[in-house]
2 protein chains.
Amino acid sequence: MASQAEPGVEPRMPLSRERVLRAAVSVADSGGIESLTMRRLAEHLGAEAMSLYYHVTNKEDVLDGVVDLIATEINEVVERIDVPADGADWKKAVRQRILSAREVLLRHRWAPGVFETRTNTSPAVLRYYDALLGMMLAGGFSYDLAHHAMHALGSRALGFTQELFDPSGGGGATDQAADLAEMAGQFPHLVGMLTEIAHDDPDSTLGWCDDQTEFEFGLDLILDGLDRARERA
Amino acid sequence: MASQAEPGVEPRMPLSRERVLRAAVSVADSGGIESLTMRRLAEHLGAEAMSLYYHVTNKEDVLDGVVDLIATEINEVVERIDVPADGADWKKAVRQRILSAREVLLRHRWAPGVFETRTNTSPAVLRYYDALLGMMLAGGFSYDLAHHAMHALGSRALGFTQELFDPSGGGGATDQAADLAEMAGQFPHLVGMLTEIAHDDPDSTLGWCDDQTEFEFGLDLILDGLDRARERA
DNA sequence: ACCTGAACACCGTTCAAGT
DNA sequence: ACCTGAACACCGTTCAAGT
């Protein structure tokens with residue numbers, strides 16, 4: 001009875017940094033990032049919270065490791081894509097790489113928020129950036145323009161953008177319509193825009209915008225702009 | 001003696017939501033966002049932590065209020081700019097608005113991180129977006145393109161981008177050079193780029209990149225792309 | 001070498017009680 | 001109406017002690 005495994009996982013197996021980090025990803029995947037506490041992480045591994053500190057220096061270290069693990073998953077996916085030998089169509093290659101990275105992040109929706117808090121760059125993230133940069137250089141970018149390009153892309157280089165604007169107040173469709181009418185006086189342009197969008201696409205119960213479409217629009221806008229800058233140089 | 005004011009501020013003055021939120025901004029300004037705890041906030045106001053809950057529902061509410069306060073500060077600045085009556089030069093107007101918003105955020109460096117955690121949109125933020133949208137509509141954007149534009153800009157619309165990549169490891173210049181040489185095998189493109197940049201601008205002790213220059217580069221890239229999309233439509 | 005129990009300093013928050 | 005003391009449930013982390 002006392003030797004029964006907790007709801008967590010495998011009954012008994014030595015801890016390791018690797019195992020701790022994998023468990024951290026799994027906890028965040030199932031309960032969101034706010035559920036990732038040292039105590040809960042330990043419980044998930046059938047150990048005590050204090051045992052983690054033997055394999056990991058502190059919680060910051062766990063988060064650093066988690067970012068590296070997710071970035072490794074991204075690398076495994078994007079490195080399977082075969083990229084045209086001549087770098088002529090750099091745009092296609094970069095676009096595909098970024099959209100593939102995005103697919104990984106969509107499986108770990110909490111991850112972008114963690115990436116943004118890390119100033120520390122993981123080896124896997126550096127590896128990702130290095131290859132992305134390589135594609136641009138092969139496509140004829142100078143170091144200088146490629147550098148601007150990385151900044152212009154920002155988090156889009158890794159496949160995500162943080163949505164600042166989420167008009168879905170949580171209420172039903174009628175609630176939202178009522179809210180809109182009420183706000184029309186204060187925010188005429190916003191309300192005009194949102195009503196037209198709601199009219200054009202009436203079955204968007206989940207929110208106003210198609211995130212994937214908007215991500216691709218912004219990405220293509222930037223890639224096209226970079227391509228023109230490259231031609232001018 | 002017992003009636004002496006704490007290090008905080010004014011000796012005695014009734015609390016209010018307004019006063020609590022202003023104090024929160026001031027605490028974050030001087031000690032960073034991680035120093036903003038309910039207990040410390042109360043101390044700053046010469047009150048007990050529990051007293052705050054009479055004026056504010058919880059800490060989330062404080063953060064929502066803080067965002068609204070900063071956005072109000074932004075509005076006060078950008079609404080003083082006089083915008084050309086005819087909307088022809090929308091790009092100039094939008095650019096100036098965004099760079100002015102950025103100046104406010106540079107006075108509250110912790111604020112972008114808080115903005116990103118809020119899905120709740122404050123009235124002041126909505127007001128900011130509404131006016132920005134108005135400039136684009138006046139410049140000849142359709143609602144649809146203006147909507148894409150807002151997503152493409154993302155947090156840039158408010159004047160910031162989150163830096164994912166901070167190569168300044170904290171060591172001195174010689175440390176960094178040594179680090180670079182060591183990494184050259186693993187990340188050749190990255191190292192090539194960074195050494196060229198360091199060579200071209202040898203006195204950038206504070207970091208590799210000029211954030212303001214990079215912000216403006218990305219902003220102009222997007223604005224130019226949007227202008228072309230508008231012309232095509 | 002690896003794991004843990006007890007303990008500390010700190011959170012956000014509730015609730016009954018003061019004025 | 002406004003503020004507070006005591007208390008609770010939860011954090012991350014240290015440290016001395018177990019095997």
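The figures here come from the full heavy-atom set of this structure, side chains too, leaving out hydrogens, waters and symmetry mates.
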What is the distance, to the nearest angstrom, from the CG atom on B:L45 to the C1' atom on D:dC3?
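Checked: the CG to C1' distance equals 13 Å.
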Rounded to whole Å, how long is the line connecting atom CD of B:E48 with atom P of D:dT4?
5 Å
Let me see the working for B:L105 and B:I70 under side-chain contact (heavy atoms from CB on, under 4.5 Å), right down to the final yes or no.
CA-CA 8 Å; B:L105 290 177; B:I70 301 290; 3.9 Å; yes
Taking OP1 and OP2 of D:dA1, is either one under 4.0 Å from a side-chain nitrogen or oxygen of B:H55?
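For D:dA1, OP1/OP2 do not have a side-chain N/O of B:H55 under 4.0 Å.
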Intra- and inter-strand pairs of DNA chain D in dot-bracket (Watson-Crick or G-U wobble, both distances under 3.5 Å; | for another strand)
||.|||||...|||||.||
Strictly under 4.0 angstrom, non-hydrogen atoms only: write out the protein contact profile of nucleotides 7-19 of chain D, one letter per nucleotide from the 5' end, B, S or -.
B---BBBB-----
Around A:R127, counting heavy atoms of other residues, nucleotides and ligands shown, do more than 12 lie under 6.0 Å from its CZ?
no
Flag yes if more than 12 heavy atoms outside A:R118 fall under 6.0 Å of its CZ atom; otherwise flag no.
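Count over threshold, so yes.
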Are A:H44 and A:S26 close enough that a side-chain donor and a side-chain acceptor fall under 3.5 Å?
yes
Pair B:H108, B:E73: side-chain N/O donor-acceptor within cut-off below 3.5 Å:
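Distance-only check passes for B:H108 and B:E73.
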Determine whether A:L99 and A:L219 make a side-chain contact, defined as any pair of heavy atoms from C-beta on separated by less than 4.5 Å.
yes
Begin from the C-alpha positions of A:R22 and A:E18 and carry the test salt bridge (charged side-chain N to carboxylate O under 4.0 Å, His left out) through to its verdict.
CA-CA 6 Å; A:R22 291 204 180 283; A:E18 174 88 9; 2.8 Å; yes
Evaluation steps, salt bridge (charged side-chain N to carboxylate O under 4.0 Å, His left out), between A:R107 and A:D29:
CA-CA 8 Å; A:R107 298 202 293 262; A:D29 279 342; over 6 Å; no
